[in-house]
Structures are given as C-alpha cells and as structure tokens.
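Before any comments, here is the structure.
Within every chain, numbering begins at 1; the chains are lettered A, B, ... in the order of the sequence lines, protein sequences first and strands thereafter.
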Amino acid sequence: SAVISQKPSRDICQRGTSLTIQCQVDSQVTMMFWYRQQPRQSLTLIATANQGSEATYESGFVIDKFPISRPNLTFSTLTVSNMSPEDSSIYLCSGVFNYDEQFFGPGTRLTVL
Amino acid sequence: GENVEQHPSTLSVQEGDSAVIKCTYSDSASNYFPWYKQELGKRPQLIIDIRSNVGEKKDQRIAVTLNKTAKHFSLHITETQPEDSAVYFCAASRGGSQGNLIFGKGTKLSVKP
C-alpha cells in the first residue's frame with residue numbers, strides 16, 4: 001500500500017478562522033478524496049479532488065466552505081473556512097490505487113472553539 | 001439515494017469464536033465492496049475487498065462473501081483474537097464509479113480474552 005501523510009495531525013482553532021489541511025501521497029494516484037468523520041461515526045465523503053480542475057462536491061458540501069486544491073497527482077489541500085464548533089471533526093484524505101483500492105491518510109483532528 | 005446498511009452495530013465474541021458482519025446495499029450498479037478496520041485513534045485500514053464478478057474471497061482468517069442478487073455482502077472472521085477488536089466498516093462503490101464509496105455505519109467488534 002502507498003504512504004499517505006497529512007498535516008497538521010491536529011489543531012485547535014477559533015470560530016471564524018480557516019484551516020488548510022495538506023495531504024501528500026508517496027506515489028501517483030488516479031483519484032484523491034476528502035472525508036469527514038465525526039466522533040464514533042462513519043465516514044462521509046466531502047468531495048473528489050480533481051487534478052487541475054475544480055473539485056466535485058457531495059450533497060451538503062460547498063466550495064465556499066471547503067475549497068480544495070489538487071495541483072498535481074500526489075498532493076491536495078482542503079480548507080475549512082469560517083469555522084464554527086460544528087466543524088469539529090476528523091478530516092481524512094484518501095488515494096485510490098490499482099483502479100479501486102482506496103487508502104487513507106492518518107487524519108486531522110480539528111477542534112473549533 | 002444510495003445506501004449501505006450494516007449490522008450489527010456492536011458485536012462481542014469470545015476469543016477463538018467466529019464473528020460475522022453483514023451489509024446490504026441499494027445501488028445495483030455497485031461493483032466493488034471493500035472492508036475497513038479502524039482501531040481507536042487510527043486511520044481506516046483496508047483489510048479485504050471483493051469485486052462483483054466474485055462470490056467469495058478469503059485471506060487467512062478473514063473471508064468476504066457477496067450475493068449480488070440479494071445485494072448483500074458479509075465479513076467473516078474466524079478464530080478471533082483480542083487484536084481483532086476494532087470498528088469495522090463495509091463500503092460499496094457508487095454507481096460503479098472509481099473510488100467513490102458509500103460507507104456503512106460501522107460495527108464495533110470486541111473480542112474478549
């Protein structure tokens with residue numbers, strides 16, 4: 001499996017600020033995704049990070065709130081904008097290898113005060 | 001919309017016993033079904049997967065079965081060990097699209113020594 005890293009691993013932020021999370025993969029992947037996982041909950045897909053074009057967002061998620069970049073095949077960022085306590089969650093990126101095998105980064109634990 | 005239901009939500013077994021987790025999906029176009037294991041505070045790890053052209057797949061103590069007609073698939077763990085204790089998530093591909101997964105709500109498995 002590939003190595004996927006994220007930073008920061010955790011952060012505590014003030015309401016109204018923004019945080020950018022970085023995701024780095026050690027080899028080229030066809031697809032990259034961003035998920036949110038609330039405590040003791042399942043994974044919810046936020047968006048597909050498309051290389052060189054705008055991300056594809058799932059229902060309930062919008063670009064103004066969660067802008068995503070993917071400048072190349074191994075790197076992506078997710079920004080959580082104008083944060084509120086409801087945005088407190090774990091954010092995970094993932095990469096798809098071998099057509100459909102999907103591996104996850106270690107996650108970023110975000111707390112918004 | 002597409003949905004994946006997972007049962008049971010919690011499962012407690014004695015060490016050495018077998019554990020079975022079941023999932024049903026709604027999207028008839030789903031063709032890829034991975035299972036993830038997530039230990040507390042860790043990332044989800046891909047443990048086994050099955051594609052729609054296969055009815056069963058086994059990897060040591062872990063096996064997965066798929067019934068496409070009934071739209072359900074199951075994870076079987078034999079000779080359980082305390083280190084199998086974790087939350088297990090099933091997932092199904094959405095509309096056959098690469099990497100786009102719908103996750104079940106998870107099963108918390110506890111293996112008592």
- Query: For A:Ile4 and B:Arg43, which heavy atoms make the closest approach, and how far apart are they?
  - Reply: O-NH1, 3.2 Å
- Query: Looking only at atom types and distance, does a side-chain atom of A:Ser42 sit under 3.5 Å from a main-chain N or O of B:Gly104, one as donor and one as acceptor?
  - Reply: yes
- Check whether A:Thr44 gets within reach of chain B through its side chain, its backbone, both or neither, counting any heavy atom under 4.5 Å. neither
- chain A contact via B:Pro34 - side chain, backbone, both or neither, heavy atoms under 4.5 Å: neither
Most heavy-atom pairs under 4.5 angstrom with chain B, which of [options]?
options: A:Pro106, A:Ser94, A:Gly107, A:Ser59; answer: A:Pro106
options: A:Val96, A:Asp100, A:Thr48; answer: A:Asp100
options: A:Arg109, A:Gln37, A:Met32; answer: A:Gln37

State yes or no: do [X] and [Y] share one hydrophobic cluster built from I, L, V, M, F, W and Y residues joined by side-chain heavy-atom distances below 4.5 Å, directly or via other members?
X: B:Ile47; Y: A:Phe97; result: no
X: A:Val62; Y: A:Leu45; result: no
X: A:Tyr91; Y: A:Phe104; result: no

Residue [X] excluded, over 12 heavy atoms near [atom1] under 6.0 Å:
X: A:Arg10; atom1: CZ; value: no
X: A:Leu113; atom1: CG; value: yes
X: B:Glu83; atom1: CD; value: yes
X: B:Lys22; atom1: NZ; value: no

- Query: Which of the residues B:Lys108, B:Gln38, B:Gln6 is involved in the greatest number of heavy-atom pairs with chain A at under 4.5 angstrom?
  - Reply: B:Gln38
Name the atoms and distances for all side-chain donor-acceptor pairs under 3.5 Å in residues 63-71 of chain A, with sequence neighbours left out.
unit_1  : atom_1 : unit_2  : atom_2 : d
A:Lys65 : NZ     : A:Ser81 : O      : 2.7
A:Lys65 : NZ     : A:Asn82 : O      : 3.1
A:Lys65 : NZ     : A:Asp87 : OD2    : 2.6
A:Ser69 : OG     : A:Thr77 : OG1    : 2.6
A:Arg70 : NE     : A:Asn72 : O      : 3.3
A:Arg70 : NH1    : A:Ala49 : O      : 3.1
A:Arg70 : NH2    : A:Val29 : O      : 3.0
A:Arg70 : NH2    : A:Leu73 : O      : 3.2

- Item | Approximate separation, where rounding is to 0.5 Å, of B:Phe103 CZ and A:Gln41 CD | 14.5 Å
- Atom pair CG (A:Leu43) and CG (B:Leu101), whose distance is rounded to the nearest 0.5 Å: 9.5 Å
- Task: Take A:Glu58 and B:Asn100, measure what side chain to side chain contact (heavy atoms under 4.5 Å, CB included) needs, and give me the verdict at the end.
- Result: CA-CA 10 Å; A:Glu58 297 299 307; B:Asn100 197 321; 3.8 Å; yes
